[in-house]
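One structure is given below, encoded as structure tokens.
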Protein chains: 2
Amino acid sequence: MRKEPRQARSREMVERIIAAGREVLVQAGYEGFSTNRVAEQAGVSPGSLYQYFPDKAAILDEVIDRYWEHNAVLTERALGDRVAQITPDNTRPVIDALLTAMEADPALLRVVHEELPQARWRERRTQLVRRVRELTTAAAIALSHDDPHAADAAWVIVIAMENLATKWVLDRPDIDRDDFIEELNALVAGYLHQRAQSRAVGGRQRTTSS
Amino acid sequence: MRKEPRQARSREMVERIIAAGREVLVQAGYEGFSTNRVAEQAGVSPGSLYQYFPDKAAILDEVIDRYWEHNAVLTERALGDRVAQITPDNTRPVIDALLTAMEADPALLRVVHEELPQARWRERRTQLVRRVRELTTAAAIALSHDDPHAADAAWVIVIAMENLATKWVLDRPDIDRDDFIEELNALVAGYLHQRAQSRAVGGRQRTTSS
DNA sequence: ATTGTATGCGAGCGGGGACTCGCGTAATCA
DNA sequence: TGATTACGCGAGTCCCCGCTCGCATACAAT
């Protein structure tokens with residue numbers, strides 16, 4: 001920020017600019033996100049943008065930050081008190097929470113996932129992902145306490161969940177929401193069991209029989 | 001294309017332009033991909049680009065098309081004659097092939113996955129994905145012949161595989177290649193078994209016990 | 001009321017990007 | 001060899017973009 005908005009008037013303007021930023025980002029995409037357009041959408045002069053934002057990137061950052069923040073809040077709310085119910089065989093509450101967050105603003109989700117250069121916003125994604133990872137690791141450990149590759153399993157699950165949930169929301173495949181949650185749950189449960197079983201049989205091996 | 005390059009000289013130039021396009025895309029990223037830079041990199045005048053390409057997008061398209069084409073060829077080669085070995089419990093050849101393709105050109109993979117606006121290149125991705133889907137569906141059907149949700153399972157697996165393989169190559173998590181293949185194999189095998197089992201017990205249900 | 005400061009404006013600047021056009025040169029053909 | 005066509009060049013046009021600056025207005029303090 002270049003200056004603090006002191007009067008109510010200017011604080012409202014800053015809000016209008018951020019809202020306009022979101023709108024332009026959704027309507028025109030990342031490539032169409034220009035300062036002039038944002039100003040116009042906000043009903044504000046181009047010069048006014050730069051009273052409180054140092055540059056174009058700052059506006060974008062603010063929009064993205066708020067999106068992730070909003071998502072984090074939604075996730076926690078959706079999880080609610082169902083955290084206790086989570087077991088390796090029942091990860092439905094986490095998956096449901098994840099989906100709920102994703103579904104809140106599909107238009108922005110699309111831009112964030114399909115148009116933003118990922119490199120510049122890598123850290124901002126963490127809040128939500130970290131929470132999923134937390135719960136996943138707990139589930140993995142519950143099944144096999146001394147697995148040296150438990151971290152690998154957590155990584156696999158987190159990446160898979162995040163991307164499957166995202167694509168389900170964006171590409172709208174013909175899969176019912178409850179069915180989908182069921183599939184993801186089976187994916188996690190099956191994976192964890194399969195791993196536990198392989199380890200019990202004789203450590204990590206190249207071939208497994210049914 | 002605007003004109004056919006007739007002489008050998010001009011055909012070479014077109015090749016140089018495409019190669020330069022790839023180079024600029026990797027070095028400068030999607031946002032830095034400008035016609036002037038491509039021309040300079042190719043050792044060619046800006047005007048010459050437009051002799052054979054209608055616009056900037058056409059150059060980019062050609063680069064991306066060739067990337068996918070190359071990938072498809074690599075996948076088939078890596079699969080080789082091991083296709084016969086694939087079963088629901090052993091999807092390693094497919095995964096290996098997928099990884100091999102991804103590993104061939106990580107720099108370009110990064111740009112394609114993290115910088116290109118996905119919308120404009122949605123169809124080009126298909127060749128590789130379709131092949132994986134083919135093999136996956138076969139594996140799914142092998143385990144349960146009349147599953148009404150077999151297509152869902154195939155979708156889940158394909159999306160998961162594609163993204164896991166991509167992220168593994170790009171984010172270089174600390175997981176050994178063979179271990180990773182093993183994890184993915186467990187993911188698929190475990191998932192398919194879990195589903196088959198759930199169906200056997202009593203159709204799709206909300207709760208499963210270990 | 002008067003003065004000082006915060007706010008808002010919008011024409012316009014400097015820059016870079018996509019793309020063109022008219023001209024010189026190399027290849028092809030008769 | 002002369003004529004015709006293909007090729008290649010690069011200065012230059014037009015456009016849009018990020019961003020600034022001098023000025024007018026609204027608010028706050030005294």
Side-chain angles (χ1 to χ4, degrees), chain A residues 1-64 111 115-117 120-121, chain B residues 1-64 111 115-117 120-121:
Chain A
M1 281 255 175
R2 182 174 261 187
K3 256 195 327 191
E4 264 321 279
R6 303 183 190 282
Q7 306 176 1
R9 182 165 58 124
S10 54
R11 258 172 280 130
E12 274 170 34
M13 196 188 68
V14 168
E15 286 309 308
R16 278 223 311 288
I17 290 171
I18 295 170
R22 199 213 85 101
E23 192 60 21
V24 170
L25 195 57
V26 165
Q27 299 292 336
Y30 175 69
E31 306 203 59
F33 184 86
S34 78
T35 54
N36 292 344
R37 256 205 275 270
V38 172
E40 189 185 17
Q41 171 76 28
V44 148
S45 117
S48 298
L49 292 192
Y50 291 90
Q51 292 271 329
Y52 306 102
F53 296 93
D55 54 20
K56 169 172 129 161
I59 304 175
L60 202 47
D61 283 350
E62 189 61 32
V63 172
I64 306 298
V111 176
E115 299 191 26
L116 291 195
R120 273 196 49 217
W121 282 277
Chain B
M1 282 253 176
R2 184 174 260 187
K3 255 194 331 191
E4 261 327 274
R6 304 181 187 283
Q7 307 176 359
R9 180 166 57 126
S10 54
R11 257 173 280 130
E12 275 169 34
M13 195 188 68
V14 167
E15 285 310 308
R16 279 222 312 288
I17 290 172
I18 295 170
R22 199 213 84 103
E23 191 60 20
V24 170
L25 195 57
V26 165
Q27 300 291 338
Y30 176 68
E31 306 203 61
F33 185 86
S34 78
T35 54
N36 292 342
R37 258 206 273 271
V38 171
E40 189 186 17
Q41 172 75 27
V44 149
S45 119
S48 297
L49 292 192
Y50 292 90
Q51 293 269 329
Y52 305 102
F53 296 93
D55 54 20
K56 169 171 128 160
I59 304 174
L60 203 48
D61 282 350
E62 189 61 33
V63 172
I64 305 298
V111 177
E115 300 191 27
L116 291 195
R120 274 196 47 216
W121 282 278

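Because the structure is a prediction, the values reported are computed rather than measured.
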- request: Report yes if the side chains of B:I17 and B:Y52 come closer than 4.5 Å at any heavy-atom pair, otherwise no.
  value: no
- request: Flag the pair B:S48 / B:M13 as yes when at least one side-chain heavy-atom distance between them is below 4.5 Å, and no otherwise.
  value: yes
- prompt: Considering only heavy atoms from C-beta outward, does the side chain of B:E62 approach that of B:V14 to under 4.5 Å?
  reply: no
field: Test item: B:P117 and A:Y30 side chains (from C-beta on) under 4.5 Å apart, heavy atoms
entry: no
query: What's the verdict on side-chain contact (heavy atoms from CB on, under 4.5 Å) for A:R2 and A:F53, showing C-alpha distance, side-chain angles and the deciding distance?
result: CA-CA 6 Å; A:R2 182 174 261 187; A:F53 296 93; over 6 Å; no
- line: Rounded to whole Å, CZ of A:R9 lies from C1' of C:dT7 at a distance of 5 Å
task: Indicate for each nucleotide in nucleotides 14-24 of chain C, in 5' to 3' sequence, whether protein heavy atoms under 4.0 Å reach the base (B), only the sugar-phosphate (S), or nothing (-).
output: ---SSBB----
statement: Min and max contacting nt of DNA chain D in 5' to 3' order, chain A heavy atoms within under 4.0 angstrom, are D:dC17 to D:dC27
query: Do B:I18 and B:V63 have side-chain heavy atoms sitting under 4.5 Å apart?
result: yes
message: If I take atom CD in residue B:E12 and atom P in nucleotide C:dA27, what distance separates them, rounded to the nearest angstrom?
response: 11 Å
query: Above 12 or not: heavy atoms from other molecules or residues under 6.0 Å from CD of A:E40?
result: no
query: Does a side-chain heavy-atom distance below 4.5 Å link A:L25 with A:L60?
result: yes
